[in-house]
Amino acid sequence: MRALLQRVTHAEVSVDEKCVGSIGKGFLILLGVGQNDTGQQARQLAAKIAGLRVFTDEQDKMNLSLTEVNGGALVVSQFTLYADCRRGRRPNFIPAAPPQIAEPLYEQFCNLLQEEGIGQVERGVFGAEMKVSLCNDGPVTILLDTDELSLPKRH
């Protein structure tokens, strides 16, 4: 799974000019699901995002997590994060999971964020043509890929 996180002061997503999800302070998460992704990657990514310390504390240091600032998450499905642009000028999206695999993992990921303590988890509409607006705070933008994250140690 791949997630592009943008720390925001606010963000919203619209479908057919109707707002379907919005948050104040928190993360806009563009989420891509790969062909070989499973619920384990969704769990790992949700835990990483919930605990990532990129919000500023009273000393203006990036030292607080999304849960510590009571921030929200707006999750938008984004298969184009798996674009393969190595050849030619037209991206190849074969590495992205097909909708019947991606949509359940997208929903599971959103539910796992809530289990990790994120009180407000808003969603886009899977597979829809969406318009996203945001105010990137910082700006802070981070790309996470579960293929590059170490698995948590179990005791």
Checking the side chain of Asp84 only, and the main-chain atoms of Arg86 only, is there a donor and an acceptor separated by less than 3.5 Å?
yes
Using a distance-only test with no angle check, is there a side-chain donor-acceptor pair under 3.5 angstrom linking Thr56 and Asn63?
no
Atom pair CG/CZ of Leu66 and Arg53 - distance to nearest 0.5 Å
14.0 Å
Smallest heavy-atom separation, Gln108 atom then Gly39 atom, equals OE1-CA, 3.5 Å
Find out if a path of hydrophobic residues (ILVMFWY) with successive side-chain heavy-atom gaps under 4.5 Å connects Val121 to Phe126.
yes
Grab the two heavy atoms, one from Ile49 and one from Ala3, that are nearest each other, plus how far apart they are.
CD1-CB, 4.1 Å
Find out if a path of hydrophobic residues (ILVMFWY) with successive side-chain heavy-atom gaps under 4.5 Å connects Leu4 to Tyr82.
no
Check whether any side-chain heavy atom of Glu12 sits under 4.5 Å from a side-chain heavy atom of Glu122, and report yes or no.
no
Kindly list each side-chain donor-acceptor pair under 3.5 angstrom involving residues 70-80, sequence neighbours excluded, with atom names and distances?
from  : atom 1 : to    : atom 2 : distance (Å)
Gln78 : NE2    : Thr80 : OG1    : 2.6

Could you report the tightest heavy-atom contact between Phe109 and Ala42, atom names first, then the distance?
CD1-O, 3.7 Å
State whether the number of non-hydrogen atoms from other residues, nucleotides or ligands found under 6.0 Å of Asn111 atom CG is greater than 12.
yes
Linked, directly or transitively: Ile142 and Leu81 (ILVMFWY side chains, under 4.5 Å)
no
Side chains of residues 19-34: which donor-acceptor partners sit under 3.5 Å, not counting sequence neighbours?
none

Show, in sequence, the C-alpha distance, side-chain angles and deciding distance for Asp16 and Lys18, and conclude whether the side chain to side chain contact (heavy atoms under 4.5 Å, CB included) test is met.
CA-CA 5 Å; Asp16 296 327; Lys18 180 179 180 245; 5.5 Å; no
What about Met130 and Tyr106, same hydrophobic cluster or not, with Ile/Leu/Val/Met/Phe/Trp/Tyr joined at side-chain heavy-atom distances under 4.5 Å?
no
Decide whether Leu149 and Val54 are clustered together by the hydrophobic rule: side chain heavy atoms of Ile, Leu, Val, Met, Phe, Trp, Tyr closer than 4.5 Å, transitively.
yes
Go through the structure and list residues passing salt bridge (Lys or Arg N to Asp or Glu O under 4.0 Å) with Asp57, not counting sequence neighbours.
none
So which atom in Asp37 and which in Leu105 form the shortest heavy-atom distance, rounded to 0.1 Å?
O-CD1, 3.4 Å
Would you say that more than 12 heavy atoms from the other residues, nucleotides or ligands in this model lie under 6.0 Å from the CD of Gln100, or not?
yes
Kindly indicate, with the supporting measurements, whether the criterion side chain to side chain contact (heavy atoms under 4.5 Å, CB included) is fulfilled by Glu148 and Arg2.
CA-CA 10 Å; Glu148 297 172 1; Arg2 293 180 181 162; over 6 Å; no
Donor-acceptor pair, side chain of Arg7 and main chain of Val140, under 3.5 angstrom
no
Would you tell me whether Glu68 and Ser65 have side-chain atoms, one donor and one acceptor, within less than 3.5 Å of each other?
yes
Quick check: do Asp137 and Val8 have side-chain heavy atoms less than 4.5 Å from each other?
no
Please report the C-alpha distance between Glu129 and Val15 in whole Å, then the side-chain angles of each, then the deciding distance to 0.1 Å, and finally whether the side chain to side chain contact (heavy atoms under 4.5 Å, CB included) criterion is met.
CA-CA 6 Å; Glu129 183 75 23; Val15 176; over 6 Å; no
Nearest heavy-atom approach of Met1 to Gln41 is SD-C, 3.9 Å
CA sep, side-chain torsions, deciding dist, call: Cys135, Thr9, side chain to side chain contact (heavy atoms under 4.5 Å, CB included):
CA-CA 6 Å; Cys135 183; Thr9 58; 3.3 Å; yes
Exercise: identify the closest heavy-atom pair between Arg123 and Cys110
NH2-CB, 3.0 Å
Is there a side-chain contact between Gln6 and Leu134 (heavy atoms, below 4.5 Å)?
yes
Does CG in Asp147 sit with more than 12 non-hydrogen atoms of other residues, nucleotides or ligands closer than 6.0 Å?
yes
How far does CD of Gln44 sit from CG of Leu144, to the nearest 0.5 angstrom?
10.0 Å
